[in-house]
Every structure is written in structure tokens, then in C-alpha cells.
Amino acid sequence: MSSTIRPTTRADETVYRPGRWLALAVLVLAVLLVAVDATVLGLATPFLSEDLEPTGNQLLWIGDVYSFVIAGLLVSMGSLGDRIGRKKLLLGGAVAFGAVSVLNAYATSPETMILARALLGVAGATLMPSTLALIRNIFHDPRERSLAIGIWGAMASAGAAVGPVVGGFLLEHFWWGSVFLINLPVMAVLVLVGVKLLPESKNAVAGPWDLVSVALSLIGVVGVVYAIKEAASHGPGPGAAAAALIGIAALYGFVRRQLTLPAPLLDMRLFRHRGFSAAVLADLLTILGLSGLVFFLSQFLQLVQGRPPFEAGLAELPAAIGAVATGLVAGTVARRYSVRAVVAGGLAAVGLALATLTLLGRSTGYPLLGAALLVVGVGAGFSFTVTADVILSSVPKEQAGAASAVSETAYELGAALGIALLGSIVTGVYRGFTTPAGVPADTASAAHESLGGAVEAAAGFPHGQATALLGAAQEAFVDGLRLAAGVGAAVLLATAVAAWFLLRGQRLADGVEH
């Protein structure tokens, strides 16, 4: 009787790499590194504001310059990983990320902090596309890859949860710079273990790395985002117009150059795939609708509702729990039903949850906020996991770095735009509050810069006057937060409708790649 079990061949070992799940465990450490760093900043903002005394505009720059720089460099770094090796780029970037985290921790002025955040963006640009590209090359079975992407996304969400909780604990016992130093042990484990476990992969025929394209990409993205930020903060003006023109011209030059180069930094033909383009657009608009609100949520919990940092971190856990739970099953659900149903449904759920936050008030109980955050996590877990799968499945594995970079660029560009636009809405509404009688002009000016400034200013007044000043500031902040939540809800619901039509007929792959 002949056996139906055939011997393992070299091709099978390539398809089912024996150490693939251990390698994935290393990759998610890099995801945790970036996710923790992104979330602890919002929690540390009140303490950072008190120590460094940034203006409202500087505070926004501290929040979004990381996203500006990382968005401008992701495509370049993803393409560099395709050329020199994704493992090499990932481990080198992790070392740089840890080193620059120390600079963030010991910043002594708003200007130094902004520079440190920008440098962190340069290092961060090497991490995320490298992790997704390595997943694309390690997992050849589409169902396994869907699960791996789900775990990757779940760990990003777990990092978003761990960041505030660990950060809250550190802020209650140490100075604000300690929240950046938690990157160091994660980076050390990533590098030491990754050297042994991660396989190297690259595109053997990728061609040279075009530095002119790198410069055009960076100038284009940063120019356009800066213009939007300036216009949102101060209205249209010569500076914003000049930055927009420079950015648009650079991006136009970038696209034209990619179409003529024999080995482009980014193959523009990827965008001809409707599923790829739709998934990228959905990610960008979703993050745009969410990020401005998330950036100010920690300030609401601490400076409006008076929660200590650790409690504020715990209060944000439901979003991460929902994202982790749904991210692990998103691929299975999308195969059973459809890609567009899962993505559009997830986005609609997030939009409706944001809409409920337009009812937020200073004394709103936690059940409403916690339920809304849980729904946001569930919807985002479904949507982001499936769109990442669609993006990676739409390209040959040799171009995984560039495709991953496009996906991550959508995330970071959306985050930067969201903080710039929705953050400017919150700031604009906040600055319009009426100062109670008897408050000196210089104190009133400091209070109008930020809610943290108002809290500090109120501490120097008698109880009655301090309560009046702080109450007016908090009410204005919540008014801005409600308006930002409404705008974010509109963006998410519109994106859900667009995803329903643009992802029509899109399916996740089933067959094993050889």
C-alpha cells in the first residue's frame, strides 16, 4: 500500500519556513516599539507642557512632526529595504530608534523636542515597512499570512494599550522623559533575537537607490502636509501657499521620474490595481478621522476629568482590546463574507462610535466613553487588518517593501493630517473661550495657548477665580473635542460608503504560493 505522505522538499521548506512563527514574534517587537512610542506621547503631553512650556503651535509640532517625517521617508526606506535587505534595514533602524529615544527623553526645550521627534521619524521609517515586507516573504500560504497580519495588527493595538498603562505608571513615579526610555529594552531584545531568527530577503533585481527620488518624495510629502497644517491653524496665507506649491511640484516630479526610471523607487503601476488603491485610500482617511481625536483624548481624561495618568491609560484600553480580538479573526471573516463588507462595516462602526462622542461633556460617565472606544477598536481591527492583507496580496513579494511602505505612508500621512486638521479645530475652538474678569492679560494669554497652560495659570489664583478660569477653559476644550469628533465621524462614514463601492469583487487569496 503506497503512502500518501510525500517527503519534504526544498520548495516546501521555502513555502512553510520552519521558524516562521518565531520570526513573527520578533517582528511584532518592532511594531510594539513604534506603537508604544506613538501612544505615550499623548499621555505625557500635560507634563511635557508644564516642563518645556511650548506654545500651542509648538505642541502640535511635537505631536505631528514625527508623522510628517516618517510619512515623507517611508516609501524611500521601504524601497531601500527591497534593495539592501529588509532584515538589515530593520535591525539598523531599531538601534537608531533606541538611541534617538534617549534624545527625546532628555530634551530641554520645545525646539529640541521637535528636532528629537523628527529624528525619531527618520529611524521609525525603517521599521514598519520592513516588518510587513518580511511577513509577505516569510508566509507564502495566504491564510497563514492573513493570521500573521492579524497578529501584527493586534500587537500594534496591544502596544497602543500598553503604552498608556506603562506610561501612566512611569509618569506617576518618574519624570515625563522616562516614557521614551521604555523603548530601549524592547529595542535590545529585538536586535539580539532578530539577528538569529529573522531571515534576510530583498529584491535581487531592484536596481540602484535613486537619491533624487528620495529627496522629491520627502520634500513633496512634508511640503503638502505643512501647507495643510498652516492653513488649518492660521488660515490661507503666503507661507502655506508656497509650501503647497513646492510640495505639489515635488510630488509631480516624483511621479514623472518613477514612470521613466528603469528601476523606480516606487512602481506607480501598483495603483492600477483597484483593490490596492482603495485599501490605501481607506487607511489614509480612517486614520485622518481618528488621529486628531485620539491625540486629545488623554488630555480630556487627565485635564478635564481629573484622572491620574495611570487611570487615564487604563481608560483607553477598550479600543485596544477590541482591535486585538477582531484583528485575529478578520481574515477568516473576510473570506467567509466579503472584503468590502468587513472593511465598510468596520469603518461604519468606527464612524458611529465617533458620532456618539459628540454627546461628550465634562462630567460624562465612563460607560459611554468606554463603549465608544470598544466599538472603535472592533471596527478598526476588522478594517485595518483586511486592508493590509489586500495591499500585500496585490503585489509580487519582490515589491513587498515598497507596497508596505505605501500602506504605512497612508497611516502616517493620515495621522499627520488628522492631528493638523482635527487638532486645529480643537485648538481653534479652545482659544475662543472668554476669560473671566480679573485675570491679567499675560496670564490670560498663557491660558489660551493650551489647556495645560490654563491648568497651570489657574493654580496661582484664589479658589473662586481659579475655578471660573479652569471651568471656562475645560468647557471650550470639550466643545472643540465634540466638533472634532463630529468631523471625524463624517469622514469615517463617507469612507465606509466609498470602500463599499471601490472594494467590490475584491477577495483575499487562498492558494499557497510557490
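Remember, predicted model here, so these are calculated numbers, not experimental data.
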Tell me whether [X] contacts the main-chain N or O of [Y] through its side chain, where contact means a donor paired with an acceptor under 3.5 Å.
| X | Y | result |
| --- | --- | --- |
| Thr126 | Ala123 | yes |
| Ser217 | Ser213 | no |
| Thr387 | Ala279 | no |

How far does [atom1] of [X] sit from [atom2] of [Y], to the nearest 0.5 angstrom?
| X | Y | atom1 | atom2 | value |
| --- | --- | --- | --- | --- |
| Tyr366 | Arg307 | OH | CZ | 7.5 Å |
| Lys88 | Leu80 | NZ | CG | 9.5 Å |
| Leu27 | Arg86 | CG | CZ | 12.0 Å |
| Leu354 | Leu493 | CG | CG | 8.5 Å |
| Ile425 | Asp479 | CD1 | CG | 13.0 Å |
| Gln305 | Leu360 | CD | CG | 7.0 Å |

Where [X] and [Y] come nearest, the two heavy atoms and their spacing:
| X | Y | answer |
| --- | --- | --- |
| Leu89 | Met77 | CD2-O, 3.1 Å |
| Asp210 | Arg257 | OD2-NE, 2.6 Å |
| Arg117 | Ile62 | NE-O, 3.6 Å |
| Leu347 | Ser383 | CD2-OG, 3.3 Å |
| Ala330 | Gly381 | CB-O, 4.2 Å |
| Ala499 | Val343 | CB-CG1, 4.1 Å |

_side chain to side chain donor-acceptor pair (under 3.5 Å) against Thr131, all qualifying residues, sequence neighbours excluded_ = Trp152
Does [X] [atom1] have over 12 foreign heavy atoms under 6.0 Å away?
| X | atom1 | result |
| --- | --- | --- |
| Tyr252 | OH | no |
| Arg362 | CZ | yes |
| Arg274 | CZ | yes |
| Phe271 | CZ | yes |

Any side-chain heavy atom of [X] within less than 4.5 Å of one from [Y]?
| X | Y | answer |
| --- | --- | --- |
| Leu127 | Leu90 | yes |
| Val487 | Leu422 | yes |
| Phe254 | Ile219 | no |
| Leu369 | Leu357 | yes |
| Leu373 | Leu297 | yes |
| Asp283 | Ile391 | yes |

*asked:* Quick one, Ile149 with Ile135, criterion side-chain contact (heavy atoms from CB on, under 4.5 Å). Give me CA distance, side-chain angles, the key distance, then yes/no.
replied: CA-CA 8 Å; Ile149 292 171; Ile135 287 173; 4.2 Å; yes
*Begin with the C-alpha distance, continue with both residues' side-chain angles, and end with the deciding distance and a verdict on side-chain contact (heavy atoms from CB on, under 4.5 Å) for Ser146 and Arg335.*
CA-CA 10 Å; Ser146 292; Arg335 285 183 172 85; 2.9 Å; yes
*Determine, step by step, whether Thr260 and Arg256 satisfy the side-chain contact (heavy atoms from CB on, under 4.5 Å) criterion, reporting the C-alpha distance in whole Å, the side-chain angles of both residues, the deciding distance to 0.1 Å, and the verdict.*
CA-CA 7 Å; Thr260 57; Arg256 286 289 303 270; 5.5 Å; no
*Should Val304 and Leu481 be marked as a side-chain contact (heavy atoms from CB on, under 4.5 Å) after you check the CA-CA gap, both sets of side-chain angles, and the distance that decides it?*
CA-CA 11 Å; Val304 175; Leu481 200 58; over 6 Å; no
